[in-house]
Amino acid sequence: GESSGGASGVTIGYSTYTLSNPFFAGMQKGLQTGTRKHGYKLVTTNSNGDAAQQVTDIQNMISRGVNYVLLSPADGKAITPAVAAADSAKVPVISIADSVVPPITATITIDDVKAGSDAVDRIAADLTARKGSATGTIVDIQGILGTPSAARRELGFRQQLAHYPGLRVAAAQDGGYDTAKSNSLMVDILQANPQIDAVFAANDAEAVGVSAAIKAQGRFKPVGDPGHIIVIGVDGSKPAIADVRAGVQDASISQNPIKMMEKAVDTVADLEAHKSVQKQIDWPSAIITLDSIDSPEVKNYGIWSDEV
Amino acid sequence: MAGNSRTPIIIALVLACVAMTLLSDNFLSSRNLTNILTQSTVVGIAAVGATLVIITGGIDLSVGSNVALSGMIASQLVNGGTAGFLGVVVCLVVAAGIGAFNGFSVAWLRLAPFIVTLAVLGMARGLTLQLSQGQSVYGLPSGLTWLGGGTVGAVPVPVFLFAAMFLVGHLVLSRTTLGHQIYAVGGNRQAARLSGIPDKRVLFYAYLIGGACAGLAALVLVGRLGAAIPTAGNGLELQVIAAVVIGGTSLFGGKGTMVGTLIGVLLIGVINNGLTLLNVSPFWVQFIQGALILAAVLLDAFNQRRLSVADA
Amino acid sequence: MAGNSRTPIIIALVLACVAMTLLSDNFLSSRNLTNILTQSTVVGIAAVGATLVIITGGIDLSVGSNVALSGMIASQLVNGGTAGFLGVVVCLVVAAGIGAFNGFSVAWLRLAPFIVTLAVLGMARGLTLQLSQGQSVYGLPSGLTWLGGGTVGAVPVPVFLFAAMFLVGHLVLSRTTLGHQIYAVGGNRQAARLSGIPDKRVLFYAYLIGGACAGLAALVLVGRLGAAIPTAGNGLELQVIAAVVIGGTSLFGGKGTMVGTLIGVLLIGVINNGLTLLNVSPFWVQFIQGALILAAVLLDAFNQRRLSVADA
Amino acid sequence: MKSEAAAPVVEFRGVSKTYPGIRALHDVSLTLTPGTVTALAGENGAGKSTFIKLLSGAEKADSGRILLRGHDVPGTPGAVIDAGVSVIYQELTDVPDMSLLDNLVLGRQPARLGVVRRGAAKRAARAALERVGLAGLPLDRPVRRLSLAQRQLTEIARCLARDASVLVFDEPTSALSEKDTRVLLETIKSLRAQGMAILYVSHHLDELFEIADEIAVLRDGELVGAGPVGEWDEPRLVRTMLAKDMAHAYPWHDRPVGEDRLRVRELDAPGVKQATLQVKRGEIVGLVGLAGAGRTELLKAVAGLSRRSGGKVEVDGRPLPTRAHQVVRRGVIYAPEDRKAEGLVLDASVRDNLSYGVYRSFAHAGWVRRGQQDRLAREAIAGFRVKARDPSQPAGKLSGGNQQKIVLARAAAHTPKVLLLDDPTRGVDVGAKPGIHEHVLALAEYGAAVLMTSSDTDEVLAMADRVYVLRTGRVVGELRRAEFDRERVLRLAAAG
Ligand SMILES: Nc1ncnc2c1ncn2[C@@H]1O[C@H](COP(=O)(O)OP(=O)(O)OP(=O)(O)O)[C@@H](O)[C@H]1O
Ligand SMILES: Nc1ncnc2c1ncn2[C@@H]1O[C@H](COP(=O)(O)OP(=O)(O)OP(=O)(O)O)[C@@H](O)[C@H]1O
Ligand SMILES: [Mg+2]
Ligand SMILES: [Mg+2]
């Protein structure tokens with residue numbers, strides 16, 4: 001998107017690797033708000049999941065003469081040449097939503113590992129409340145294999161699971177961050193497993209597909225019912241929030257892409273003003289549930305999907 | 001008709017089913033079989049149209065993003081207050097329109113089907129992104145979702161649709177003059193022209209029907225998910241073409257049957273279902289899928305060879 | 001040779017360049033032009049091999065996951081201590097091996113190229129995931145990354161590779177017996193066979209070379225990213241086939257030139273570069289890419305029509 | 001003619017070949033000797049081409065042995081060529097999109113270390129073209145743009161250029177004009193004199209008697225007669241081929257003709273200049289000309305297959321549309337000379353091939369009535385004496401002559417108002433030709449206006465009520481049947 005602005009003469013280039021995920025629409029929104037506020041010009045590219053294309057995009061931006069590069073990396077390691085190009089052109093780089101390996105000016109992330117482990121804790125707590133102990137079978141719908149965010153959510157999930165010997169993973173599949181694919185997988189998994197207590201989906205697009213499958217297979221009981229299959233996703237996207245409100249999905253571990261992006265633009269402003277900036281900014285995540293959704297904490301954190 | 005000579009890849013399907021029955025207790029339940037059919041519906045319905053297109057010697061790469069765009073437009077309208085059944089009509093009209101565009105470009109502008117439909121793939125996906133701004137549309141009324149999510153008795157509506165579309169497709173190919181003409185145009189376009197077949201119109205109809213089928217597939221998908229998602233149908237084109245080609249239809253045109261396509265669709269459905277039922281490690285899933293498809297076509301090839309040795 | 005009769009899509013490329021020069025000050029800088037070339041290298045080198053395969057009337061869908069697998073295996077070895085140049089050799093050998101597998105299946109087992117290479121696509125991608133466990137390999141020595149990341153003077157090494165591969169590909173097609181045989185097998189396999197051309201061996205070589213080119217593309221990609229990533233080359237196959245077909249090569253075989261492919265690759269490169277330079281809204285990018293490709297082939301079609309009216 | 005018995009170079013010993021449902025060759029034994037022309041005769045589907053394909057390695061025999069200089073013949077066409085056997089197949093085996101040059105050296109590209117030697121290739125190609133009288137053709141033209149006759153000559157040139165001791169010709173002259181046929185026959189005679197063993201197949205019996213030393217006859221896959229040419233005469237040959245007597249006569253008779261049905265006025269099209277002609281209801285009109293005179297081009301322009309750039313075409317007083325399928329709908333049917341490229345869908349069944357476009361007679365409201373379709377197909381198969389296993393057999397698996405009959409049978413099934421026949425009996429045997437001529441006559445009697453060409457000028461002169469003579473795309477003369485005189489026609493056609 002091109003924002004008119006530009007009075008300040010500063011151009012920010014933002015490279016994302018996808019737009020087909022509502023989370024990234026939230027980032028766009030925050031980016032636009034931020035650049036408008038500061039009067040910066042904005043250049044955005046989308047590499048459609050392709051790490052090489054993303055390197056290309058960033059190189060093209062630098063050719064075009066942007067002053068700052070913001071990026072959400074498809075692969076934190078494979079971005080190195082783009083960072084090198086930015087370095088040699090003396091363009092500061094800020095990574096948002098995911099970290100990169102080579103040293104850059106600043107990084108703003110939520111902790112994907114923590115998202116995975118939070119989900120396990122939450123499932124364990126619910127099952128303990130229901131059965132008296134953290135025992136049960138869990139389905140793990142992973143994100144696109146080979147992508148860093150999916151790998152780290154999976155890592156957090158597995159590490160934390162080791163602390164609960166009573167929890168067993170009945171099935172683990174690659175849901176591809178995709179609603180339709182996760183839906184099909186979940187239908188088959190329900191077939192193979194008469195007893196399932198909980199599902200961890202690596203993002204909310206998957207969680208929504210999982211919930212639809214549970215309903216279609218006649219296995220749905222509302223949140224709170226002893227027969228309910230717990231569903232937890234990550235992101236806080238709109239359909240998932242709606243499912244949480246409707247008592248279908250138990251929790252969404254939400255980031256706030258809008259505010260993270262505004263923070264990123266503020267960081268650029270700090271750099272323009274020659275203030276020092278933090279190298280690593282950890283953005284907290286919020287667990288949105290039916291109970292917490294209208295709480296002041298969540299209100300304060302912000303439900304970003306209501307704003308895009 | 002032209003394709004009847006070839007025994008389709010049925011042995012591989014039977015073997016796959018037998019293997020799954022032995023390996024998993026859940027496979028042969030009526031519920032699981034219904035699931036396989038339901039899950040195959042989107043690919044299956046799109047494959048009915050694709051079979052016609054491929055028999056003409058063409059290809060339609062736009063089917064996946066056609067599913068996304070037509071489903072998205074209809075869902076947004078319905079979300080904005082339009083009646084559900086009107087949404088159904090809009091979805092089919094948009095999808096058929098995309099098919100018509102493809103058909104027009106291939107038939108009258110004489111562009112290569114691969115390129116036209118690849119360009120349309122990009123355009124339709126781009127429009128979907130632009131219209132949706134990357135957001136899903138959810139909370140749709142049953143008027144729009146019934147085709148994909150409803151049931152009649154114990155049987156999901158998509159299963160009926162799937163069966164009906166294959167039957168109609170089979171009859172069109174084997175019993176109508178249009179089917180006859182599609183084989184002729186795909187087999188030898190010049191000869192078809194010479195014998196009075198309106199080759200361009202036939203090509204146009206094939207792509208039009210292909211588009212309309214994508215629209216129906218979109219309705220099924222929207223119904224199944226209860227939402228229109230911008231990534232819907234990503235990569236669907238390859239699955240659809242794979243099902244058609246595994247079913248014995250030649251990408252060079254002129255040869256193929258709807259029954260073959262049905263078997264191809266079911267084979268892929270059974271393989272996917274089986275791998276999930278058996279909870280194969282996700283790191284191995286793609287490898288095994290590929291290997292099984294290769295095994296199936298190899299089996300088929302040897303079987304064909306046995307039946308007709310004298311074919312160099 | 002067979003393809004020379006067709007003026008390739010050069011007008012569209014020239015128009016695109018003129019338009020970009022007018023629209024953006026940055027386009028014509030030597031730095032930007034070098035970037036376009038460098039960025040086109042992966043698609044370009046893979047397209048050299050794909051041109052041979054497609055002229056035989058075949059297709060290679062496995063090229064993208066071949067890039068991922070061969071690059072991953074080589075990088076893991078090098079990461080484990082193997083010398084960089086050995087890594088280069090391993091990468092090429094693995095990739096050529098995949099090509100050989102495709103070629104063997106198509107030529108001797110007589111399987112449909114679309115299905116074989118689709119199955120291999122899945123298998124190679126699956127193996128890549130399994131071997132890497134989804135992790136990228138990073139911090140590779142320059143022995144392995146020089147081909148993709150190095151420079152000679154001011155010019156990146158990939159640009160030389162790109163030029164060299166096209167030249168070699170062009171000479172193979174237009175000046176060697178193998179090229180002659182590839183056109184013959186693709187144009188009329190039966191006739192080629194009856195005239196004593198070893199049709200199966202020719203097919204085999206085409207896929208073998210196609211695989212080896214994918215290996216070289218993998219080296220360039222690994223060098224460019226400084227890392228081997230498991231998702232490398234995702235969707236590359238469609239880009240490669242698109243470049244080849246836009247360049248005038250027919251998917252039915254027998255027709256095409258390497259020069260056409262070069263122009264197709266550059267056209268796509270210029271379009272992608274241009275859309276970024278002009279800061280087109282990312283929600284519109286895919287739509288515009290599709291529309292421009294359609295415009296380019298339309299222009300080409302009208303131009304062809306003008307040149308040869310008498311072709312009904 | 002050589003009398004002393006040289007050792008045979010090729011020897012078939014009890015060779016049999018069966019295709020699914022069809023016994024194509026049964027226990028055939030035959031030898032080819034250096035310096036001898038052996039003619040192989042037989043009706044359509046008798047097994048002649050099968051015999052040749054077994055020799056060339058294109059197909060494998062089921063039983064029996066085929067010896068080449070005392071050893072089993074190698075298994076692949078390439079190895080057979082290397083062993084010195086060069087075959088001109090009945091159907092074109094060229095690569096249409098490749099240039100004339102590339103086709104002339106197909107499979108035998110002069111090269112050093114895998115790199116093509118262009119100069120040598122061009123010299124070889126020119127020399128080869130010279131031998132068949134095509135020296136003037138540009139070497140870079142794709143062969144798809146050549147006429148059928150030129151393509152046939154190109155194949156002959158390619159095969160002659162190979163270093164061979166056994167030459168096999170499967171109906172090489174079926175598309176050739178008299179002049180080109182003469183050149184070929186003289187070439188064959190000189191090759192015989194150089195000691196080559198030659199196998200020659202043709203349905204033009206006069207050619208066989210002119211050049212053969214030995215004549216062998218196949219009927220239903222069996223060798224039913226063989227001996228020196230002196231033992232044969234035409235009636236006996238025909239009787240052996242067909243298992244019945246048959247006098248070779250053209251069935252022409254006087255008919256009433258009506259008003260103009262097809263009117264072509266000052267037509268300009270590729271290869272056609274200012275052509276003006278008319279054909280009346282019930283009239284059979286011939287087009288004669290030398291190879292390349294534009295006969296095919298003229299018929300295609302009328303049929304809507306090439307673009308008309310000027311002039312008028314009318315049928316029954318109304319202008320004829322320019323698109324092929326609309327032309328057919330007006331009852332104007334073109335039966336092409338190149339049956340493989342333009343006539344048939346080779347993968348489709350005989351039944352389907354007989355019914356493309358004739359939906360009126362077996363379909364209602366877009367719905368095919370299969371029983372009716374099948375019955376019509378069976379009638380056509382019987383009526384045109386097509387040798388097919390059953391209507392579901394793929395058309396591509398019929399013998400060449402039988403494929404030709406399918407093309408004509410479909411044209412007849414359209415019950416045309418105007419019938420454009422381009423070399424209709426190309427490759428049809430002597431037994432079936434009269435039947436086809438009778439069909440044409442019957443259609444004319446029914447009111448069709450027939451415009452026909454033939455590579456055999458005698459056929460046109462025998463069948464036509466009137467002929468137009470074409471030269472370089474122009475109509476240069478018109479003769480009524482009473483004025484027919486072979487010499488005069490040829491002189492008109494050739495005058496420059
Ligand atoms: N590939 C094939 N599959 C099945 N049947 C075949 C095939 N090729 C030929 N035949 C059958 O074998 C028989 C002999 O055919 P062949 O081509 O040898 O005849 P022919 O003597 O050359 O006839 P013509 O004079 O028409 O060329 C025919 O009945 C034909 O239908
Ligand atoms: N022997 C030849 N020498 C030169 N040119 C030829 C020859 N034969 C055909 N042509 C070319 O082919 C073109 C048209 O051929 P067309 O097929 O219409 O001829 P035709 O009268 O049907 O004769 P035939 O079919 O016997 O070749 C002519 O424009 C001519 O240039
Ligand atoms: Mg024959
Ligand atoms: Mg002719």
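Order of the sequence lines fixes the chain letters, A, B, ..., with proteins taken first and strands second; residue numbering starts at 1 for each chain.
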Is [X] in contact with chain A via its backbone, its side chain, both, or neither, using a 4.5 Å heavy-atom distance?
X: C:F283; result: both
X: C:Q286; result: side chain
X: C:N35; result: side chain
X: C:L277; result: both

Shortest non-hydrogen contact from [X] toward [Y]:
X: A:A78; Y: C:A227; answer: CA-CB, 4.0 Å
X: A:T80; Y: C:L225; answer: CB-O, 4.3 Å
X: A:T44; Y: C:N279; answer: N-OD1, 3.2 Å
X: C:R224; Y: A:A52; answer: NH2-O, 3.4 Å
X: C:G226; Y: A:P81; answer: N-CG, 4.1 Å

Spacing of [atom1] belonging to [X] relative to [atom2] belonging to [Y], to within rounding of 0.5 Å:
X: C:T38; Y: A:Q59; atom1: OG1; atom2: CD; value: 7.5 Å
X: C:I36; Y: A:T56; atom1: CD1; atom2: OG1; value: 11.0 Å
X: A:N60; Y: C:L275; atom1: CG; atom2: CG; value: 10.0 Å
X: A:M61; Y: C:N26; atom1: CE; atom2: CG; value: 13.5 Å
X: A:I79; Y: C:S136; atom1: CD1; atom2: OG; value: 11.0 Å
X: C:T128; Y: A:L145; atom1: OG1; atom2: CG; value: 11.5 Å

TODO: For chain C, find which of A:V101, A:D57, A:D50 contributes the most heavy-atom pairs closer than 4.5 angstrom.
DONE: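 Of the options given, most contacts go to A:V101.
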Open item on the list: I'd like to verify something: which residue of C:L129, C:D25, C:N32, C:N272 has the highest number of heavy-atom pairs under 4.5 Å with chain A?
Closed with: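 Of the candidates given, the most pairs with chain A belong to C:L129.
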Open item on the list: Around atom NZ of A:K77, are there more than 12 heavy atoms from other residues, nucleotides or ligands closer than 6.0 Å?
Closed with: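 Yes, enclosed.
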Task: Sole candidate of A:V43, A:N46, A:T18 that passes side chain to side chain contact (heavy atoms under 4.5 Å, CB included) when paired with C:P282 - done: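 The side chain to side chain contact (heavy atoms under 4.5 Å, CB included) with C:P282 is passed solely by A:N46 among A:V43, A:N46, A:T18.
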